[in-house]
2 protein chains.
Amino acid sequence: MARIVDRDAKRQKILEAASACFAKEGYDATSMEAVASAAGISKGSLYDYFKNKEDLFFGVFEWFQQLVMVSAMARMGEHQDARARIMAFADAAIGALLDHLELYPVSLEVWAAAAKPGTRPRFSGAMKNLYASYRAELAGLIQDAQAEGAIRDGIDVEATAGMLIGAVDNLALHYWLDRSFDPQAWCRSFLGSLFDGIGTETRKA
Amino acid sequence: MARIVDRDAKRQKILEAASACFAKEGYDATSMEAVASAAGISKGSLYDYFKNKEDLFFGVFEWFQQLVMVSAMARMGEHQDARARIMAFADAAIGALLDHLELYPVSLEVWAAAAKPGTRPRFSGAMKNLYASYRAELAGLIQDAQAEGAIRDGIDVEATAGMLIGAVDNLALHYWLDRSFDPQAWCRSFLGSLFDGIGTETRKA
DNA sequence: TCATTATGACCGACTAGTCGGTCATTTATA
DNA sequence: TATAAATGACCGACTAGTCGGTCATAATGA
């Protein structure tokens, strides 16, 4: 039997196999034996690549995170218009999550891990960073739009970015749960409303 | 030892004790022995009140859900203005979640349970219903506002309600993770932006 | 080139412990 | 005493992580 020489490639393969297991069965219900078997190696070998189960799962989380990021990047195009850039950002984020919807349960398990005392700091810290970076990205786009005169001054940029990121994240969650609506359409429609306002009273300034 | 006569009261007590355990340690890390001990009974008695661990956890979920609902109701006041009613609805929802923030991890565990094959239908179904009812409630308020002329026609009511509910839910999640911002302020500011619009171009119609 | 040695990937049986759930027994009440 | 409630010892199934050992390949050197 050919011996594997590329450790990184093998690590990747394990992460892929593990992500499928974790997504399908959940963290606790996934045994290291099952992951090893899915990756086509033995349990002992698994421990040559990952210190323990938590490390393996954290690796899966990082891998998934990057997968989504890459998908999102690929979906973002060039846009002159600031408003179009914000739309594209939201579209890309949702699209990227939909691209890998079958792995979405991994995120749910990460949240659960962030709630457990043992793994809390590691996972909650990572989540905090992840959301902060998305928020900062969107906040930057909003400020650009303000500079271009497409979005008015006087709005709370942080709050707007935070709420929108939250809404988009939640959208993926609900779509995973219920496929009876079109998340992209919801998001576009909602962003349109946000830009134009849903109220009938005359807007100030 | 005084005999407990009120089975329902005892059930309540168990649910309270169990919710604290599940919130603190997570579902899998919480043993039935630990719950029994926290409730001041023996493990065997626990099984007189709940068929198995999953049932106990589902009971905790329902209990928590109701707790939040009651909190939210208590926070909703009477408002003539449709816009104020929507603001109050969001305020009440967030406030209610903050009232019981220490139990929030239970929600995370419910999501994780919804991702596991064994418990998926039961928990994902319950979540679906829960969000659908919140969405319907908010959609109703928006339609009322339209009827009153406070919100313009032509917006996608379902999408708006869904996105807002998602944003609010996510807000609680992030506040649980990171206490460095004021969720109520974010939400009010965001709703203000949504009513008035953040764009500078003249709104149609 | 070929024999010797070193490397480390790979394996899977094994340890040591956990925990959900049961049930024969005990305890308390009416 | 009869009945209902409460108990906790016990069981069986399961699994994270370990470790001694194997062997294909790479490195070395004569």
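So you know, we letter chains A, B, ... as the sequences are listed, proteins then strands, and number each from 1. Given the structure is predicted, the values throughout are model-derived calculations rather than measurements.
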Q.
Considering only residues two or more places apart or on different chains, which pairs with a residue in residues 123-132 of chain B satisfy side chain to side chain donor-acceptor pair (under 3.5 Å)?
A. B:Tyr131-B:Asp169
Q) Does A:Tyr49 place a side-chain N or O at less than 4.0 Å from the phosphate oxygens OP1/OP2 of C:dC10? A) yes
Q) How would you list, by chain and number, every residue that makes a side chain to side chain contact (heavy atoms under 4.5 Å, CB included) with B:Pro117, sequence neighbours excluded? A) A:Glu25, B:Arg120
Q.
Please report the distance, rounded to the nearest Å, between CZ in A:Arg11 and C1' in C:dA9.
A. 16 Å
Q. Which pairs count as side chain to side chain donor-acceptor pair (under 3.5 Å) when at least one residue sits in residues 100-111 of chain A, sequence neighbours excluded?
A. A:Ser71-A:His100
Q: Using whole Å, report how far CG of B:Asn52 lies from C1' of C:dC19.
A: 14 Å
Q: Kindly point out which of D:dA6, C:dC10, C:dG20 is positioned nearest to the side chain of B:Lys10?
A: D:dA6
Q) Taking only residues two or more places apart in sequence, or in another chain, which ones meet B:Ser189 in a side chain to side chain contact (heavy atoms under 4.5 Å, CB included)? A) A:Asp156, A:Ala159
Q) Considering residues at least two apart in sequence or located in another chain, which fulfil the ring pair (Phe, Tyr, Trp, His ring centres under 6.0 Å) criterion with B:Phe89? A) none
Q: Strictly below 4.0 Å, heavy-atom distances to any atom of DNA chain D: list the hits from residues 110-126 of chain A, or just say none.
A: none
Atom pairs under 3.5 Å: protein N/O with N/O of nucleotides 16-18 of chain C:
none

Q) Mind checking what makes side chain to side chain contact (heavy atoms under 4.5 Å, CB included) contact with A:Ala34, not counting sequence neighbours? A) A:Ser31
**Q.** Nearest-0.5 Å distance, CD1 of residue A:Ile41 to CD1 of residue A:Ile14
**A.** 4.0 Å
Q.
Under the rule for side chain to side chain contact (heavy atoms under 4.5 Å, CB included), what residues qualify as partners of B:Ala167, not counting sequence neighbours?
A. A:Met163, A:Ala167
Q | Whole-Å distance separating the CD1 atom of A:Ile14 from the C1' atom of C:dA9 | A | 11 Å
Q: For A:Glu54, enumerate each residue passing the side chain to side chain donor-acceptor pair (under 3.5 Å) test, keeping only those at least two apart in sequence or located in another chain.
A: A:Arg122
**Q.** Listed partners of A:Phe22 passing ring pair (Phe, Tyr, Trp, His ring centres under 6.0 Å), at least two apart
**A.** A:Tyr27, A:Phe57
Q. Can you check the A:Tyr47 OH to C:dC14 C1' distance for me, whole Å?
A. 14 Å
**Q.** Atom-to-atom span, CG of B:Leu46 to P of D:dG8 - whole angstrom
**A.** 13 Å
Q: Specify the separation, in whole Å, of atom NZ of A:Lys53 and atom C1' of D:dC14.
A: 11 Å
Q) What's the CZ-C1' distance between A:Arg7 and C:dC10, to the nearest Å? A) 11 Å
(Q) Side-chain N or O of A:Ser45 versus OP1/OP2 of C:dC11: is the shortest distance under 4.0 Å? (A) yes
Q) Quick one, which residues of residues 19-44 of chain B touch DNA chain C with a heavy atom under 4.0 Å? A) B:Thr30, B:Ser31, B:Met32, B:Lys43
**Q.** Listed nucleotide nearest any side-chain atom of B:Asp48, set C:dC10, D:dA6, C:dG20
**A.** D:dA6
Q: Could you verify whether a donor N or O on one side chain and an acceptor N or O on the other, from B:Trp63 and B:Gln12, lie under 3.5 Å apart?
A: yes
